[in-house]
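Some notes on the structure that comes next.
First listed ligand is number 1; within each ligand, the first listed atom is number 1.
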Amino acid sequence: MVKVGLIGFGYWGPNLVRNFASADNCQVKMVADFRIDRIANISRLYPGVEITADPLDIINNKDIDAVIIATPVFTHFDLAEAALKNGKHVLVEKPMTSSTKQAETLLNIAEQRNLTLMVDHTFLYTGAVDKMKELIEGDSIGKVKYFDSTRINLGLFQPDVNVLWDLAPHDLSILFHLVPYKPVSVNAVGISHTSNQIENIAYLTINYENDFIAHFNCSWTSPVKVRSTLIGGDKKMIVYNDLEPSEKIRIYDTSYNHQNDEEKNRIMVDYRIGDVQIPKVSTKEALASVAKDFIQSILQKKQPIANGQLGMDVVRILEASQVSIKNLGKQINISK
Ligand SMILES: NC(=O)c1ccc[n+]([C@@H]2O[C@H](COP(=O)([O-])OP(=O)(O)OC[C@H]3O[C@@H](n4cnc5c(N)ncnc54)[C@H](O)[C@@H]3O)[C@@H](O)[C@H]2O)c1
(Lines give C-alpha, C1' and ligand atoms only; values in the text may rest on other atoms or scores of the structure.)
Protein backbone atom coordinates (compact mmCIF):
# COMPACT_ATOMS: atom_id res chain seq x y z
CA MET A 1 0.00 0.00 0.00
CA VAL A 2 1.36 3.42 -1.00
CA LYS A 3 0.16 6.25 1.25
CA VAL A 4 0.01 9.57 -0.58
CA GLY A 5 -0.47 13.22 0.31
CA LEU A 6 -1.51 15.87 -2.22
CA ILE A 7 -0.47 19.52 -2.14
CA GLY A 8 -2.64 21.96 -4.11
CA PHE A 9 -6.40 21.45 -4.41
CA GLY A 10 -7.30 24.08 -7.00
CA TYR A 11 -8.47 23.21 -10.51
CA TRP A 12 -6.42 20.05 -11.20
CA GLY A 13 -5.83 18.69 -7.67
CA PRO A 14 -9.40 17.33 -7.24
CA ASN A 15 -8.98 15.19 -10.39
CA LEU A 16 -5.79 13.71 -8.95
CA VAL A 17 -7.40 12.99 -5.57
CA ARG A 18 -10.37 11.31 -7.25
CA ASN A 19 -8.13 9.02 -9.30
CA PHE A 20 -5.67 8.18 -6.53
CA ALA A 21 -8.56 7.52 -4.11
CA SER A 22 -9.88 4.83 -6.43
CA ALA A 23 -6.50 3.36 -7.44
CA ASP A 24 -5.40 -0.08 -6.23
CA ASN A 25 -2.68 -0.34 -3.57
CA CYS A 26 -3.07 3.32 -2.68
CA GLN A 27 -4.46 5.36 0.18
CA VAL A 28 -4.88 9.13 0.09
CA LYS A 29 -3.89 10.22 3.62
CA MET A 30 -3.83 13.99 3.50
CA VAL A 31 -4.56 16.99 1.26
CA ALA A 32 -2.96 20.41 1.76
CA ASP A 33 -3.96 23.77 0.38
CA PHE A 34 -3.25 27.29 1.63
CA ARG A 35 -6.87 28.02 0.86
CA ILE A 36 -8.52 25.95 3.53
CA ASP A 37 -11.98 26.82 2.11
CA ARG A 38 -11.11 24.67 -0.91
CA ILE A 39 -10.47 21.55 1.15
CA ALA A 40 -12.86 22.02 4.05
CA ASN A 41 -15.40 19.57 2.63
CA ILE A 42 -13.06 16.86 1.41
CA SER A 43 -13.93 14.39 4.16
CA ARG A 44 -17.54 14.32 2.96
CA LEU A 45 -16.36 12.89 -0.37
CA TYR A 46 -13.34 11.00 0.94
CA PRO A 47 -13.86 9.88 4.54
CA GLY A 48 -10.60 9.50 6.43
CA VAL A 49 -8.61 11.98 4.34
CA GLU A 50 -7.04 14.59 6.63
CA ILE A 51 -6.70 18.23 5.59
CA THR A 52 -4.14 20.92 6.35
CA ALA A 53 -3.17 24.40 5.19
CA ASP A 54 0.54 23.63 5.62
CA PRO A 55 2.31 21.51 2.97
CA LEU A 56 4.99 20.64 5.55
CA ASP A 57 2.39 18.54 7.39
CA ILE A 58 2.57 16.23 4.36
CA ILE A 59 6.27 16.56 3.57
CA ASN A 60 7.30 15.81 7.19
CA ASN A 61 4.68 13.12 7.77
CA LYS A 62 6.33 9.78 8.56
CA ASP A 63 3.15 7.97 7.59
CA ILE A 64 3.22 9.29 4.01
CA ASP A 65 5.28 7.54 1.30
CA ALA A 66 4.60 9.76 -1.70
CA VAL A 67 3.73 13.39 -2.38
CA ILE A 68 1.69 14.69 -5.31
CA ILE A 69 2.29 18.35 -6.16
CA ALA A 70 -0.49 20.19 -8.00
CA THR A 71 0.42 23.80 -7.26
CA PRO A 72 1.52 26.58 -9.67
CA VAL A 73 4.76 25.95 -11.60
CA PHE A 74 6.99 28.35 -9.63
CA THR A 75 6.32 26.37 -6.41
CA HIS A 76 7.09 22.90 -7.87
CA PHE A 77 10.84 22.89 -7.24
CA ASP A 78 10.85 23.86 -3.54
CA LEU A 79 8.03 21.47 -2.68
CA ALA A 80 9.45 18.57 -4.71
CA GLU A 81 12.99 19.08 -3.38
CA ALA A 82 11.76 19.15 0.23
CA ALA A 83 9.65 16.03 -0.32
CA LEU A 84 12.48 14.07 -1.99
CA LYS A 85 14.94 15.12 0.73
CA ASN A 86 12.46 13.74 3.24
CA GLY A 87 12.49 10.38 1.46
CA LYS A 88 9.15 10.75 -0.34
CA HIS A 89 8.42 9.61 -3.88
CA VAL A 90 7.16 12.54 -5.95
CA LEU A 91 4.59 13.06 -8.67
CA VAL A 92 4.78 16.67 -9.79
CA GLU A 93 2.48 18.48 -12.16
CA LYS A 94 3.67 19.60 -15.58
CA PRO A 95 5.83 21.47 -16.36
CA MET A 96 8.15 19.85 -13.87
CA THR A 97 10.08 22.98 -12.82
CA SER A 98 10.83 26.55 -13.92
CA SER A 99 14.36 25.71 -15.11
CA THR A 100 16.47 22.82 -16.38
CA LYS A 101 18.88 23.29 -13.48
CA GLN A 102 16.07 22.76 -10.98
CA ALA A 103 14.87 19.67 -12.87
CA GLU A 104 18.40 18.26 -12.87
CA THR A 105 18.67 18.81 -9.10
CA LEU A 106 15.45 16.89 -8.53
CA LEU A 107 16.58 14.05 -10.79
CA ASN A 108 19.86 13.76 -8.91
CA ILE A 109 18.23 13.66 -5.48
CA ALA A 110 15.70 11.05 -6.64
CA GLU A 111 18.43 8.90 -8.16
CA GLN A 112 20.71 9.11 -5.12
CA ARG A 113 17.86 8.12 -2.83
CA ASN A 114 16.24 5.52 -5.11
CA LEU A 115 12.98 7.44 -5.15
CA THR A 116 10.41 7.60 -7.93
CA LEU A 117 10.19 11.00 -9.60
CA MET A 118 7.36 11.31 -12.10
CA VAL A 119 5.75 14.25 -13.92
CA ASP A 120 2.04 14.34 -14.66
CA HIS A 121 2.31 14.49 -18.44
CA THR A 122 -1.26 13.20 -18.60
CA PHE A 123 -1.47 12.89 -22.38
CA LEU A 124 1.10 10.07 -22.42
CA TYR A 125 -1.54 7.92 -20.73
CA THR A 126 -4.33 8.50 -23.25
CA GLY A 127 -5.58 5.86 -25.65
CA ALA A 128 -4.82 8.13 -28.62
CA VAL A 129 -1.15 8.58 -27.74
CA ASP A 130 -0.87 4.85 -26.99
CA LYS A 131 -2.24 4.09 -30.44
CA MET A 132 0.13 6.53 -32.17
CA LYS A 133 3.09 4.99 -30.35
CA GLU A 134 2.01 1.55 -31.51
CA LEU A 135 1.70 2.83 -35.11
CA ILE A 136 5.09 4.54 -35.10
CA GLU A 137 6.98 1.73 -33.35
CA GLY A 138 5.28 -0.88 -35.53
CA ASP A 139 6.57 1.01 -38.60
CA SER A 140 3.02 1.48 -39.94
CA ILE A 141 3.69 5.05 -41.03
CA GLY A 142 7.33 4.59 -42.00
CA LYS A 143 10.14 6.94 -41.07
CA VAL A 144 8.73 9.92 -39.17
CA LYS A 145 9.47 13.21 -40.95
CA TYR A 146 7.49 15.86 -39.09
CA PHE A 147 5.35 16.60 -36.02
CA ASP A 148 3.19 19.68 -36.27
CA SER A 149 0.86 20.62 -33.45
CA THR A 150 -1.70 23.35 -32.90
CA ARG A 151 -3.06 24.04 -29.42
CA ILE A 152 -5.06 27.26 -29.50
CA ASN A 153 -8.19 28.63 -27.86
CA LEU A 154 -9.49 31.64 -25.97
CA GLY A 155 -7.42 30.61 -22.96
CA LEU A 156 -6.84 31.92 -19.48
CA PHE A 157 -3.92 34.39 -19.52
CA GLN A 158 -1.48 33.04 -16.93
CA PRO A 159 0.09 35.68 -14.69
CA ASP A 160 3.52 34.03 -14.37
CA VAL A 161 4.29 31.93 -17.49
CA ASN A 162 3.88 32.47 -21.21
CA VAL A 163 1.63 30.47 -23.50
CA LEU A 164 4.37 27.97 -24.39
CA TRP A 165 5.03 27.10 -20.73
CA ASP A 166 1.28 26.75 -20.25
CA LEU A 167 0.24 24.78 -23.33
CA ALA A 168 3.28 23.28 -25.06
CA PRO A 169 4.27 20.81 -22.28
CA HIS A 170 1.45 18.54 -23.48
CA ASP A 171 2.67 18.45 -27.08
CA LEU A 172 6.37 18.36 -26.17
CA SER A 173 5.81 15.36 -23.90
CA ILE A 174 3.90 13.60 -26.71
CA LEU A 175 6.73 14.38 -29.15
CA PHE A 176 9.40 12.98 -26.80
CA HIS A 177 7.30 9.91 -26.07
CA LEU A 178 6.67 9.13 -29.75
CA VAL A 179 9.79 10.23 -31.59
CA PRO A 180 13.19 8.86 -30.57
CA TYR A 181 15.39 11.52 -32.23
CA LYS A 182 17.34 13.99 -30.06
CA PRO A 183 16.64 17.70 -30.68
CA VAL A 184 19.64 19.94 -31.37
CA SER A 185 18.22 23.47 -31.38
CA VAL A 186 15.08 25.57 -31.19
CA ASN A 187 13.76 28.76 -32.75
CA ALA A 188 10.74 30.48 -31.26
CA VAL A 189 8.89 33.70 -31.83
CA GLY A 190 6.01 35.10 -29.85
CA ILE A 191 4.13 38.22 -28.96
CA SER A 192 2.60 39.73 -25.87
CA HIS A 193 -0.52 41.78 -26.36
CA THR A 194 -0.55 42.83 -22.70
CA SER A 195 1.65 45.17 -20.68
CA ASN A 196 3.33 42.36 -18.71
CA GLN A 197 5.41 41.13 -21.69
CA ILE A 198 4.16 37.56 -21.20
CA GLU A 199 3.59 36.09 -24.69
CA ASN A 200 0.02 35.03 -25.42
CA ILE A 201 0.84 33.73 -28.94
CA ALA A 202 4.00 31.75 -29.73
CA TYR A 203 5.40 29.54 -32.47
CA LEU A 204 8.17 27.09 -31.62
CA THR A 205 10.28 25.03 -34.01
CA ILE A 206 12.58 22.23 -32.88
CA ASN A 207 15.44 21.30 -35.20
CA TYR A 208 17.17 17.94 -35.45
CA GLU A 209 20.33 16.57 -36.97
CA ASN A 210 18.37 14.43 -39.43
CA ASP A 211 15.54 15.58 -41.72
CA PHE A 212 12.87 15.51 -39.01
CA ILE A 213 11.26 18.76 -37.80
CA ALA A 214 8.76 19.60 -35.05
CA HIS A 215 6.59 22.70 -34.83
CA PHE A 216 4.18 24.02 -32.18
CA ASN A 217 1.57 26.74 -32.48
CA CYS A 218 0.18 27.88 -29.11
CA SER A 219 -2.27 30.69 -28.41
CA TRP A 220 -4.61 31.96 -25.71
CA THR A 221 -6.25 34.34 -28.17
CA SER A 222 -7.96 32.18 -30.77
CA PRO A 223 -11.75 32.39 -31.23
CA VAL A 224 -11.88 28.63 -31.81
CA LYS A 225 -10.42 25.77 -29.86
CA VAL A 226 -8.05 23.53 -31.84
CA ARG A 227 -6.13 20.59 -30.43
CA SER A 228 -4.63 18.85 -33.40
CA THR A 229 -1.35 17.29 -34.43
CA LEU A 230 -0.09 16.08 -37.79
CA ILE A 231 2.54 13.37 -37.75
CA GLY A 232 3.98 12.62 -41.16
CA GLY A 233 5.75 9.39 -41.99
CA ASP A 234 7.25 8.48 -45.35
CA LYS A 235 4.58 5.77 -45.79
CA LYS A 236 1.49 7.22 -44.09
CA MET A 237 0.41 10.28 -42.13
CA ILE A 238 -1.55 10.65 -38.90
CA VAL A 239 -4.01 13.37 -37.99
CA TYR A 240 -4.68 13.45 -34.23
CA ASN A 241 -7.66 15.57 -33.22
CA ASP A 242 -8.03 15.50 -29.47
CA LEU A 243 -11.39 17.30 -29.60
CA GLU A 244 -13.04 14.34 -31.36
CA PRO A 245 -14.89 12.35 -28.70
CA SER A 246 -13.84 8.92 -29.98
CA GLU A 247 -12.42 9.12 -33.51
CA LYS A 248 -9.31 10.96 -32.38
CA ILE A 249 -6.87 9.36 -34.81
CA ARG A 250 -7.07 9.21 -38.60
CA ILE A 251 -4.39 7.40 -40.55
CA TYR A 252 -4.03 8.70 -44.11
CA ASP A 253 -2.52 6.24 -46.53
CA THR A 254 -0.95 9.20 -48.23
CA SER A 255 2.66 9.69 -49.29
CA TYR A 256 4.83 11.06 -52.03
CA ASN A 257 7.95 10.09 -53.94
CA HIS A 258 10.30 12.46 -55.62
CA GLN A 259 12.93 12.12 -58.30
CA ASN A 260 15.37 14.57 -59.73
CA ASP A 261 14.82 15.35 -63.40
CA GLU A 262 18.38 16.46 -64.03
CA GLU A 263 17.77 17.38 -67.65
CA LYS A 264 15.11 19.91 -66.71
CA ASN A 265 16.78 20.71 -63.39
CA ARG A 266 13.64 20.16 -61.35
CA ILE A 267 12.09 17.74 -58.85
CA MET A 268 9.38 15.34 -60.04
CA VAL A 269 6.92 14.49 -57.25
CA ASP A 270 4.49 11.54 -57.41
CA TYR A 271 1.63 11.64 -54.95
CA ARG A 272 -0.22 8.63 -53.59
CA ILE A 273 -3.59 9.20 -51.94
CA GLY A 274 -5.21 6.10 -50.49
CA ASP A 275 -7.73 5.19 -47.83
CA VAL A 276 -8.26 6.84 -44.48
CA GLN A 277 -8.43 4.52 -41.50
CA ILE A 278 -9.89 5.36 -38.08
CA PRO A 279 -8.55 2.97 -35.44
CA LYS A 280 -10.35 2.33 -32.19
CA VAL A 281 -8.66 3.97 -29.23
CA SER A 282 -9.22 3.37 -25.54
CA THR A 283 -11.32 6.07 -23.85
CA LYS A 284 -10.21 5.18 -20.33
CA GLU A 285 -9.49 8.24 -18.17
CA ALA A 286 -5.79 8.98 -18.53
CA LEU A 287 -5.36 10.09 -14.90
CA ALA A 288 -6.35 6.61 -13.71
CA SER A 289 -3.36 5.27 -15.66
CA VAL A 290 -1.16 8.08 -14.32
CA ALA A 291 -2.05 7.00 -10.77
CA LYS A 292 -1.47 3.34 -11.62
CA ASP A 293 1.93 3.98 -13.22
CA PHE A 294 3.09 6.09 -10.25
CA ILE A 295 2.06 3.46 -7.71
CA GLN A 296 3.43 0.54 -9.73
CA SER A 297 6.71 2.39 -10.31
CA ILE A 298 7.12 2.86 -6.54
CA LEU A 299 6.19 -0.71 -5.69
CA GLN A 300 8.18 -2.36 -8.50
CA LYS A 301 11.07 0.15 -8.45
CA LYS A 302 10.68 0.77 -12.18
CA GLN A 303 10.82 3.98 -14.23
CA PRO A 304 7.39 5.46 -15.00
CA ILE A 305 6.49 6.40 -18.59
CA ALA A 306 6.42 10.11 -17.68
CA ASN A 307 9.70 9.93 -15.78
CA GLY A 308 11.81 12.79 -14.47
CA GLN A 309 14.16 12.66 -17.47
CA LEU A 310 11.27 13.23 -19.89
CA GLY A 311 10.00 16.02 -17.63
CA MET A 312 13.44 17.65 -17.74
CA ASP A 313 13.65 17.31 -21.55
CA VAL A 314 10.37 19.25 -21.80
CA VAL A 315 11.64 22.01 -19.47
CA ARG A 316 14.90 22.28 -21.45
CA ILE A 317 12.96 23.06 -24.63
CA LEU A 318 10.69 25.57 -22.85
CA GLU A 319 13.69 27.35 -21.35
CA ALA A 320 15.52 27.52 -24.69
CA SER A 321 12.36 28.71 -26.45
CA GLN A 322 12.02 31.58 -23.99
CA VAL A 323 15.60 32.70 -24.73
CA SER A 324 14.88 32.44 -28.45
CA ILE A 325 11.67 34.51 -28.18
CA LYS A 326 13.44 37.26 -26.26
CA ASN A 327 16.14 37.25 -29.01
CA LEU A 328 13.64 37.55 -31.89
CA GLY A 329 13.74 33.93 -32.96
CA LYS A 330 17.49 33.33 -32.69
CA GLN A 331 18.50 29.67 -33.01
CA ILE A 332 19.34 28.35 -29.54
CA ASN A 333 21.37 25.17 -29.24
CA ILE A 334 20.18 22.66 -26.71
CA SER A 335 23.08 21.69 -24.52
CA LYS A 336 22.94 18.43 -22.63
N1 LIG B 1 -1.84 17.54 -16.34
C2 LIG B 1 -2.76 18.37 -16.77
O3 LIG B 1 -3.44 18.13 -17.77
C4 LIG B 1 -2.97 19.66 -16.04
C5 LIG B 1 -4.16 20.39 -16.18
C6 LIG B 1 -4.31 21.56 -15.45
C7 LIG B 1 -3.29 22.00 -14.63
N8 LIG B 1 -2.14 21.28 -14.54
C9 LIG B 1 -1.04 21.73 -13.70
O10 LIG B 1 -1.42 21.63 -12.32
C11 LIG B 1 -0.77 22.64 -11.58
C12 LIG B 1 -1.82 23.42 -10.80
O13 LIG B 1 -2.67 24.04 -11.73
P14 LIG B 1 -4.16 24.46 -11.32
O15 LIG B 1 -4.78 24.93 -12.58
O16 LIG B 1 -4.82 23.39 -10.52
O17 LIG B 1 -3.84 25.71 -10.37
P18 LIG B 1 -4.82 26.40 -9.32
O19 LIG B 1 -4.27 27.76 -9.08
O20 LIG B 1 -6.24 26.24 -9.70
O21 LIG B 1 -4.60 25.53 -8.00
C22 LIG B 1 -3.41 25.52 -7.26
C23 LIG B 1 -3.75 25.37 -5.77
O24 LIG B 1 -2.55 25.22 -5.06
C25 LIG B 1 -2.64 25.96 -3.83
N26 LIG B 1 -1.27 26.26 -3.43
C27 LIG B 1 -0.36 27.00 -4.08
N28 LIG B 1 0.85 26.94 -3.47
C29 LIG B 1 0.67 26.14 -2.39
C30 LIG B 1 1.53 25.66 -1.37
N31 LIG B 1 2.84 25.99 -1.35
N32 LIG B 1 1.02 24.85 -0.42
C33 LIG B 1 -0.29 24.50 -0.44
N34 LIG B 1 -1.15 24.90 -1.40
C35 LIG B 1 -0.68 25.70 -2.36
C36 LIG B 1 -3.48 27.19 -4.19
O37 LIG B 1 -4.11 27.72 -3.03
C38 LIG B 1 -4.48 26.57 -5.18
O39 LIG B 1 -5.66 26.12 -4.53
C40 LIG B 1 0.05 23.47 -12.57
O41 LIG B 1 1.36 22.99 -12.59
C42 LIG B 1 -0.63 23.17 -13.90
O43 LIG B 1 0.25 23.29 -15.00
C44 LIG B 1 -1.99 20.13 -15.21
Side-chain angles (χ1 to χ4, degrees), residues 4-20 30-42 49-61 64 67-83 86 88 90-99 102-103 106 117-126 128-129 149 151 153 155-174 176-177 198 218 220 225 227 242-243 285-291 293-294 304-308 310-312 314-315 318:
V4 304
L6 175 128
I7 305 171
F9 199 74
Y11 162 62
W12 198 242
N15 295 324
L16 289 159
V17 171
R18 176 168 52 76
N19 279 281
F20 276 88
M30 197 181 276
V31 174
D33 199 300
F34 283 158
R35 292 210 19 205
I36 206 80
D37 56 300
R38 289 194 161 159
I39 48 177
N41 293 325
I42 277 186
V49 175
E50 297 166 59
I51 58 166
T52 176
D54 186 353
L56 289 176
D57 290 341
I58 288 180
I59 288 169
N60 294 328
N61 193 320
I64 285 178
V67 178
I68 304 163
I69 299 166
T71 53
V73 184
F74 71 92
T75 65
H76 289 178
F77 175 71
D78 287 346
L79 292 169
E81 185 189 36
N86 261 5
K88 314 293 185 203
V90 167
L91 169 64
V92 61
E93 261 314 319
K94 61 84 206 162
M96 182 182 185
T97 50
S98 306
S99 74
Q102 291 178 341
L106 296 185
L117 173 61
M118 177 167 155
V119 184
D120 179 18
H121 282 302
T122 319
F123 275 87
L124 305 192
Y125 296 86
T126 57
V129 173
S149 88
R151 188 172 289 271
N153 63 309
L156 201 62
F157 279 61
Q158 301 292 328
D160 53 341
V161 290
N162 74 14
V163 69
L164 285 180
W165 281 85
D166 184 38
L167 300 182
H170 294 310
D171 305 297
L172 289 168
S173 66
I174 295 171
F176 288 134
H177 185 57
I198 294 180
C218 294
W220 290 323
K225 182 168 177 167
R227 298 279 185 264
D242 193 49
L243 297 184
E285 187 177 1
L287 268 187
S289 304
V290 168
D293 194 22
F294 185 53
I305 292 172
N307 53 56
L310 187 140
M312 181 165 80
V314 169
V315 172
L318 294 172

Under a 4.0 angstrom heavy-atom cut-off, which atoms of ligand 1 come close to Asp120? 1 (N)
What protein heavy atom is closest to atom 12 (C) of ligand 1, reported as residue, atom name and distance in Å? Ala70 O, 3.4 Å
Tightest non-hydrogen contact, residues Glu285 and Asn19, listed as OE2-ND2, 3.2 Å
Counting only non-hydrogen atoms of the protein, does one fall under 4.0 Å from atom 19 (O) of ligand 1? no
Which residue supplies the protein heavy atom nearest to atom 21 (O) of ligand 1, what is that atom called, and how far is it? Gly10 CA, 3.2 Å
Hits for side-chain hydrogen bond (donor to acceptor under 3.5 Å, both in side chains) against Thr75, two or more places apart or cross-chain, chain-then-number order -> Thr71
Taking the minimum heavy-atom distance to atom 40 (C) of ligand 1, which of Val73, Ile58, Thr71 ranks first? Thr71
Going by heavy-atom distance to atom 43 (O) of ligand 1, choose the closest among His170, Lys94, Gln158, Arg38. Lys94
Show me which atoms of ligand 1 lie under 4.0 Å from any heavy atom of Arg35. 37 (O)
Nearest protein heavy atom with distance in Å, relative to atom 31 (N) of ligand 1: Phe34 CZ, 3.3 Å
Test item: Asp33 side-chain N/O and Phe9 main-chain N/O as donor-acceptor pair under 3.5 Å: yes
Identity and separation of the nearest protein heavy atom to atom 7 (C) of ligand 1: Trp12 CB, 3.7 Å
May I ask you to identify the nearest protein heavy atom to atom 36 (C) of ligand 1, giving residue, atom name and distance to one decimal place in Å? Asp33 OD1, 3.4 Å
Closest protein heavy atom to atom 8 (N) of ligand 1, given as residue, atom name and distance to 0.1 Å: Glu93 OE1, 3.6 Å
Atom 24 (O) of ligand 1 - nearest protein heavy atom and its distance: Gly8 CA, 3.4 Å
Just by modelled atom types, is the Ala83 backbone N or O under 3.5 Å from a matching donor or acceptor in the Asn86 side chain? no
Any His76 heavy atom less than 4.0 Å from ligand 1: yes
Which atoms from ligand 1 have a heavy atom of Ile7 less than 4.0 Å away? 32 (N), 33 (C)
Kindly indicate whether atom 15 (O) of ligand 1 is approached by any protein heavy atom to under 4.0 angstrom. yes
Distance from atom 17 (O) of ligand 1 to nearest protein heavy atom, with residue and atom: Tyr11 N, 4.5 Å
